[in-house]
Amino acid sequence: MKKIFYSLMFCPGLLLAQEIDQAALAKIRKEGMENSKVKEIAHQLTDVSGPRLTNSPGFQRAAEWSVIELKKWGLQNSRIEDWGEFGKGWQVEKSYLAMTKPYYMPFIAIPKAWTSGTAGPIKGEVVVVNIQNEEDLKKYADGKLTGKIVLVKGPADTDPTFKPDAVRYTTEDLDKMTNSQPFGQSNFTPEQAERMRTMRSFRSRVDSTMKAQKISLELAGRAGKHGTFFTSNGASYKGDAPLAGPAFEMAPEHAGLVARLIESGIPVTLEAESQTSFFDKKLTTGNVIAEIPGTDPKLKDEVVMLGGHLDSWHSATGATDNAAGCTVMLEAVRILQASGLKPRRTIRIALWSGEEQGLHGSRNYTKNIFGDYETMKLLPAHEKLSAYYNIDNGTGRIRGIYLQGNEGPRALFEKWFAPFNDIIDHPTITSRNTGGTDHLAFDVLGLPGFQFIQDGIEYGTRTHHTNVDTYERLVMDDLKQMAVVVATFVYNTAQLDQKIPRKELPKPKTPAEVRK
C-alpha cells in the first residue's frame with residue numbers, strides 16, 4: 001500500500017500546469033534586492049552573538065535575538081523549542097600562547113573545544129612527539145611525557161597556493177555535477193569517508209594518551225595555510241564525560257617553527273594560559289522555531305519548512321558556517337512578511353542546534369514531530385510536510401539544487417529557476433546526494449529535503465571550521481540572491497495545489513548509517 005500511495009500522491013502534469021504568481025515574485029525580488037536586511041542580521045548572528053557552540057552563551061544570544069526578531073516581523077509561535085539532552089556548553093574566557101625562547105613570538109592558537117584551562121599561566125620547554133600510527137603511539141605510553149608541554153606533530157601541507165582561495169563554479173563544473181556522479185554517491189568516496197573516520201578515531205586515541213600521561217599542555221598543529229587552521233573538539237560535550245586537560249590547536253606554520261627548532265637541537269620555551277568555562281546546569285537545548293500561518297482552509301495544516309543550523313565552532317564567529325544560512329533563511333521569511341504575501345500552507349522556519357556534533361537538533365526535531373528513522377514508525381505530521389529547504393554550504397550564491405535522488409520535482413524546480421536566469425548563471429538541478437547537513441534528517445524519513453547548490457567561494461580553503469570564519473568572509477550580494485531564491489521556492493511550494501513529490505519510503509536505518 002505504501003508504494004501505491006507514493007506513486008499516486010502527485011500528478012506532475014497538474015503541478016507543472018499551475019502558473020507562477022509573477023506579481024508575488026516581483027514583490028519578493030523588490031523587497032529582497034532593494035530593502036535587504038542581510039547585513040544587519042549577519043552582524044547580529046556573528047559580531048554580536050560571537051562563537052555559538054551549542055548550549056554556550058553565544059548560541060543562546062543568537063537564539064534569543066532570532067526569536068525576538070521573528071516576533072517583530074509578525075511570525076507566530078516564535079520560540080526556542082527544546083528537543084532533549086545535548087550536553088555541556090563551553091566557551092573560552094582567556095587564551096594566550098607564545099614562544100619566549102629562543103626569541104619571543106606570539107602564536108595563532110585557540111583552546112580545543114570542551115577542554116579545561118591551565119589553572120593560571122604555565123611555562124616550560126616543549127617536547128615534540130611524532131605520532132603517525134599505532135606503533136608511534138605505543139612509544140609514549142611509559143610516562144616520559146608526564147608534566148611536559150607536548151607538541152603533537154602532524155602532517156600539514158603549507159606549500160604556496162597557486163590557485164585562488166575563492167572560486168565559483170564554472171559551467172563545466174556544473175555540467176559534471178549533473179552528469180558524472182549518480183545519486184547515492186556523496187561528496188566523499190567510501191575510501192575518503194573511511195579515512196576521515198580512521199583519522200578522527202586515531203586523533204581521539206592520541207588525545208587520550210596525552211591525558212593518561214598527565215602532560216601539562218597539549219599542542220596540536222592543524223591543517224590549514226597562511227595562519228588559517230581548521231579547529232575541532234578536544235573532549236566530549238556529554239554531561240557525564242570526564243574533563244580533558246588543557247590543549248591548544250595552532251596554525252601549522254607556528255607548529256612547524258617549533259618542531260624545526262627542536263629537531264635542529266635548539267630548545268624552545270613556551271608560555272601559555274587558557275581559561276575555559278563549562279555550562280552544565282541545563283543539559284537540554286532546543287531549536288528556534290517560528291511560523292507564517294497558512295491561509296487556505298484546506299491546506300493551512302500542511303507545512304513548508306526552511307532552515308539552517310545556528311550553532312558554530314568556537315575559534316571564530318561562524319560566519320559562513322552557518323550564520324550565512326541562518327541569515328538567508330531569516331531574511332527569506334522577513335521578505336515574505338514584508339511583501340504582504342498570504343501563503344496557502346503554513347511556512348515554518350527552523351534554526352537548528354547541535355548540527356556540528358551530528359545533526360542533533362534536526363534529527364531530534366524530526367523524530368519528535370515526523371517519525372523515527374530507526375523503526376520507520378511515522379507520526380501524523382509526516383503526511384502534512386510538503387518540503388524542507390536547507391542552506392549550509394557557505395556564503396556562495398545559489399547555482400541550483402540537489403534532488404537527493406528525488407526526481408519527482410525536477411521539472412517543477414526547472415520552472416521555478418527560469419525567472420532567475422539574470423541572477424543564476426547556468427541553473428543546475430542534479431539528482432546527486434549531498435551530505436553533512438540538516439536536510440538529511442528529513443530525507444532519512446522519506447520527506448522531501450533539499451540543499452541548494454552554492455558557489456564555494458572560500459569555504460573549503462579558508463572558512464569552514466576555521467579561525468577566520470568571520471563577518472568579513474560573507475559576500476552580501478550573494479546572501480541577497482540566496483534569500484530571494486529561497487523565499488520564492490518556499491512561497492511557490494506553499495501555493496501548490498499538491499505537495500512536493502516524494503520518494504518511496506526508506507527502510508529503517510541505524511544511527512551509524514545516517515551519521516553526518
Side-chain angles (χ1 to χ4, degrees), residues 14-42 69-70 72-76 290-296 299-300 302-307 324-325 327-349 386-391 396-401 409-429 450 452-455 475-500:
L14 290 176
L15 288 177
L16 282 173
Q18 193 167 337
E19 291 299 320
I20 296 174
D21 186 339
Q22 297 296 335
L25 178 57
K27 289 180 180 179
I28 289 170
R29 288 186 67 138
K30 180 178 177 63
E31 180 63 29
M33 293 300 186
E34 298 181 12
N35 302 315
S36 175
K37 302 297 181 186
V38 294
K39 287 185 178 180
E40 293 89 336
I41 296 170
E69 286 302 296
L70 288 163
K72 287 181 181 177
W73 297 337
L75 277 81
Q76 296 187 16
E291 294 176 336
I292 301 174
T295 58
D296 187 320
L299 297 177
K300 64 182 181 180
E302 295 183 3
V303 177
V304 183
M305 291 191 67
L306 67 161
T327 295
V328 166
M329 297 320 200
L330 287 165
E331 172 69 355
V333 295
R334 188 203 66 80
I335 289 170
L336 293 174
Q337 284 292 90
S339 300
L341 300 174
K342 304 296 181 183
R344 299 173 70 190
R345 288 178 178 82
T346 293
I347 294 171
R348 182 181 300 155
I349 184 173
S386 183
Y388 170 75
Y389 299 100
N390 195 76
I391 290 286
R397 62 179 47 216
I398 287 172
R399 303 294 301 277
I401 198 166
R410 176 184 287 273
L412 191 65
F413 288 171
E414 288 175 350
K415 183 177 180 181
W416 291 355
F417 274 126
F420 294 113
N421 283 330
D422 58 326
I423 59 173
I424 303 179
D425 182 24
H426 199 64
T428 298
I429 299 173
F450 305 103
F452 289 95
I453 300 169
Q454 297 173 247
D455 277 333
V475 181
M476 294 301 166
D477 284 344
D478 283 21
L479 298 184
K480 290 180 185 179
Q481 183 255 26
M482 282 193 278
V484 167
V485 174
V486 170
T488 301
F489 265 64
V490 168
Y491 182 73
N492 286 346
T493 305
Q495 299 306 95
L496 287 174
D497 293 331
Q498 297 169 285
K499 297 193 294 292
I500 292 292

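Small disclaimer: the values here were computed from a predicted structure and weren't measured.
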**Fill in**
The complete set of side-chain hydrogen bond (donor to acceptor under 3.5 Å, both in side chains) pairs with one or both residues in residues 328-342, sequence neighbours excluded, reads E31-R334, E331-R334
**Asked** Rounded to the nearest 0.5 Å, how far does OG1 of T488 lie from CD1 of I28?
**Response** 4.0 Å
**Prompt:** Is there a donor-acceptor pair under 3.5 Å between the side chain of S386 and the backbone N or O of I500?
**Reply:** yes
**Message:** Quick one: does any side-chain atom of D478 pair with a main-chain N or O of R397 as donor and acceptor, under 3.5 Å?
**Reply:** yes
**Message:** Run L75 and E291 through side chain to side chain contact (heavy atoms under 4.5 Å, CB included) and show every step you take.
**Reply:** CA-CA 5 Å; L75 277 81; E291 294 176 336; 5.8 Å; no
**Request:** Begin from the C-alpha positions of L412 and L496 and carry the test side chain to side chain contact (heavy atoms under 4.5 Å, CB included) through to its verdict.
**Result:** CA-CA 11 Å; L412 191 65; L496 287 174; 3.7 Å; yes
**Prompt:** Under a 4.5 Å cut-off applied to non-hydrogen side-chain atoms, are I453 and I398 in contact?
**Reply:** no
**Message:** Going by ring-ring contact (aromatic ring centres under 6.0 Å, His included), name the residues that satisfy it together with F420, two or more places apart in sequence or in a different chain.
**Reply:** none
**Prompt:** What is the distance from atom OG1 of T428 to atom CD of E414, rounded to the nearest 0.5 Å?
**Reply:** 10.5 Å
**Message:** Please give me the minimum heavy-atom distance between V490 and L306, naming the atom from each residue.
**Reply:** CG2-CB, 4.1 Å
**Request:** Please tell me if the side chains of P343 and L336 come closer than 4.5 Å, counting only heavy atoms from C-beta onward.
**Result:** no
**Prompt:** Between M305 and V303, what is the shortest heavy-atom contact and its length?
**Reply:** CG-CG1, 3.6 Å
**Message:** Tell me if a side-chain donor or acceptor on Q495 pairs with a main-chain N or O of R344 at a distance below 3.5 Å.
**Reply:** yes
**Asked** Can you tell me how far CH2 of W416 sits from CG of L25, rounded to the nearest 0.5 angstrom?
**Response** 12.0 Å
**Message:** Donor-acceptor check, side chain of T295 to backbone of P293, threshold 3.5 angstrom: yes or no?
**Reply:** no
**Considering all heavy atoms, the nearest A332-A487 contact** = O-CB, 3.8 Å
**Asked** Stepwise, does the side chain to side chain contact (heavy atoms under 4.5 Å, CB included) test hold for V304 with R348?
**Response** CA-CA 6 Å; V304 183; R348 182 181 300 155; over 6 Å; no
**All side chain to side chain donor-acceptor pair (under 3.5 Å) counterparts of R345, not counting sequence neighbours** = E302
**Request:** Give a yes or no on whether the backbone of A42 and the side-chain of K37 come within a donor-acceptor separation of less than 3.5 Å.
**Result:** no
**Asked** Under 3.5 Å, side chain of Q481 to main-chain N/O of I423, donor-acceptor pair present?
**Response** yes
**Complete:** Closest non-hydrogen atoms of D497 and L299, given as atom of the first, atom of the second and distance, are O-CD2, 4.4 Å
**Listed partners of N421 passing side chain to side chain donor-acceptor pair (under 3.5 Å), at least two apart** = none
**Asked** What do you reckon, is NZ of K300 surrounded by more than 12 foreign heavy atoms closer than 6.0 Å?
**Response** no
**Request:** Would you give the length of the straight line joining atom NZ of K480 to atom CD1 of I335, rounded to the nearest 0.5 angstrom?
**Result:** 10.5 Å
**Request:** Please check if the side chain of T346 supplies one atom and the backbone of G294 the other of a donor-acceptor pair under 3.5 Å.
**Result:** yes
**Item:** For K72, side chain to side chain donor-acceptor pair (under 3.5 Å) partners two or more places apart
**Value:** E69
**Message:** With a 6.0 Å cut-off on the ring centroids, do F413 and F450 count as close?
**Reply:** yes
**Asked** Got F452 and N390 here, is their nearest side-chain heavy-atom distance under 4.5 Å?
**Response** no
**Complete:** Scanning both residues in full, the closest heavy-atom pair of V38 with T327 reads O-CG2, 3.6 Å
**Fill in**
Those residues at least two apart in sequence (or on a different chain) that pass ring-ring contact (aromatic ring centres under 6.0 Å, His included) with W73 are none
**Prompt:** Looking only at heavy atoms, what is the nearest atom pair of G396 and Q454, with distance?
**Reply:** O-NE2, 3.0 Å
**Message:** Check this for me, if you would: do R29 and D422 make a salt bridge, where the nitrogen-to-carboxylate-oxygen distance has to be below 4.0 angstrom?
**Reply:** yes
**Fill in**
Rounded to the nearest 0.5 angstrom, the CE-CD1 distance for M329 and I41 is 12.5 Å
**Asked** Do the ring planes of F489 and F417 sit parallel (below 30°), tilted (30 to 60°) or perpendicular (above 60°)?
**Response** tilted
